[in-house]
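Order of the sequence lines sets the chain letters (A, B, ...), proteins ahead of strands, with each chain counted from 1.
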Amino acid sequence: MKIATYNVNSVNARLPVLLRWLQESAPDVVCLQELKAIQENFPEEAIRNAGYTAIWHGQKSWNGVAILSRVGNITERCRVLPGDPEDLHSRYIEAVVNGVIIGCLYLPNGNPAPGPKFDYKLSWLKRFAIHAKALLTEELPVVLTGDFNIIPTGKDVYKPERWVDDALFRPESRAAFQELIAQGWTDAIRQLHPEETIYTYWDFFRNAFGRDAGLRIDHFLLSPQLVPQLQKAAVDKQVRGWEKTSDHAPVWIELKD
DNA sequence: ATGTCATAAGATTTATGA
């Protein structure tokens, strides 16, 4: 099973790019983030015509997450991150597909840091850690994937010294990611490519893609039950070079059936 | 500080987020 994550940065503005990528990369399951569309404006018909069923949680202007599948029913488990009924952002959706629990997340950016947005990021991370730990106790195959908005280590950014005060690379954000690893989750990309320079995001500013000034912030965390099945992991970097593209590239893993 | 995109309100631009 090929599972992908893609922060589309507006699902409707990116629809031609999304459809072309679905056709060329043919993932079985897709997690999308930053739909930037209200619930009614999700392009369900175009995605169905591409061969995928979908569940999604939209929101006006910002955020929004979706799970697509072409390999079987999507059985929704929840569409918000548990733990704070006052958090109205559409940033998490979870479902079972083909016997695998798929958590699709769009973690808060958190800039500027420090400040209320960074506080929100850290509180979201605390809730996420509680939920992730509960998932591990189920001892089931689980993938937590999406835009984490965290640069895990200095190897995951073109110039780490420029990012030390940024919410994506602050010690608190890195520590929260390491805490997830310490719980028992496996960073799938690094499991298969421990030394390689791998980026998943390039800023729209200053020709960042042309200079390969990127960040690795889109991740796959696997529960122990899935690690033996991990076969491949890669970034569809070419998509970042297409016209009218997102600032993120799609990332995917392949699991043995 | 800058740069680029996207959205929304309501305007022929501005603000906000990323």
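- Rounded to a whole angstrom, the distance from the P atom of B:dG10 to that of B:dT16 is 14 Å.
- Legend: ring-ring contact (aromatic ring centres under 6.0 Å, His included) pairs involving residues 53-98 of chain A, not counting sequence neighbours, sorted by first then second residue: A:Phe42-A:Trp56, A:His89-A:Tyr120, A:Tyr92-A:His131.
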| What's the verdict on side-chain hydrogen bond (donor to acceptor under 3.5 Å, both in side chains) for A:Gln33 and A:Thr5, showing C-alpha distance, side-chain angles and the deciding distance? | CA-CA 8 Å; A:Gln33 303 86 34; A:Thr5 183; 3.0 Å; yes
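- Residue A:Arg206 places no side-chain atom within donor-acceptor reach of the base of B:dT4, judged by atom type and a 3.5 Å distance cut-off alone.
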Donor-acceptor pairs are to be reported for all side-chain atoms of residues 23-31 of chain A against protein atoms at under 3.5 Å, with residues two or more places apart or in another chain.
unit_1  : atom_1 : unit_2   : atom_2 : d
A:Glu24 : OE2    : A:Arg20  : NE     : 2.9
A:Ser25 : OG     : A:Lys2   : NZ     : 3.1
A:Ser25 : OG     : A:Asp236 : OD2    : 2.9
A:Asp28 : OD1    : A:Arg70  : NE     : 3.0
A:Asp28 : OD1    : A:Arg70  : NH2    : 3.1
A:Asp28 : OD2    : A:Lys2   : N      : 2.8

Within the sub-3.5 Å range, which N or O atoms of nucleotides 13-18 of chain B have a protein N or O partner, and how far apart are they?
unit_1 : atom_1 : unit_2   : atom_2 : d
B:dG17 : OP2    : A:Lys117 : NZ     : 3.3
B:dG17 : O5'    : A:Lys117 : NZ     : 3.3

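- Remark: the separation of the P atoms in B:dA1 and B:dT13 is 27 Å, to the nearest Å.
- Note on residues 181-203 of chain A: pairs passing ring-ring contact (aromatic ring centres under 6.0 Å, His included), not counting sequence neighbours, are A:Tyr201-A:His248, A:Trp202-A:Phe209.
- The phosphate of B:dA6 has OP1 or OP2 within less than 4.0 Å of a side-chain N or O from A:Arg14.
- What separates CD1 of A:Ile38 from P of B:dA6 is a distance of 19 Å, to the nearest Å.
- For A:Leu32 and B:dA6, the CG to P distance is 16 Å, given to the nearest whole Å.
- With sequence neighbours excluded, the residues forming a side chain to side chain contact (heavy atoms under 4.5 Å, CB included) with A:Pro112 are A:Lys117, listed by chain and number.
- By the salt bridge (charged side-chain N to carboxylate O under 4.0 Å, His left out) test, A:Arg14 pairs with no residue at all, sequence neighbours left out.
- Taking atom P in both B:dT7 and B:dT2, the straight-line distance is 25 Å, to the nearest Å.
- Atom CG in A:Asn41 sits about 8 Å away from atom P in B:dA8, given to the nearest Å.
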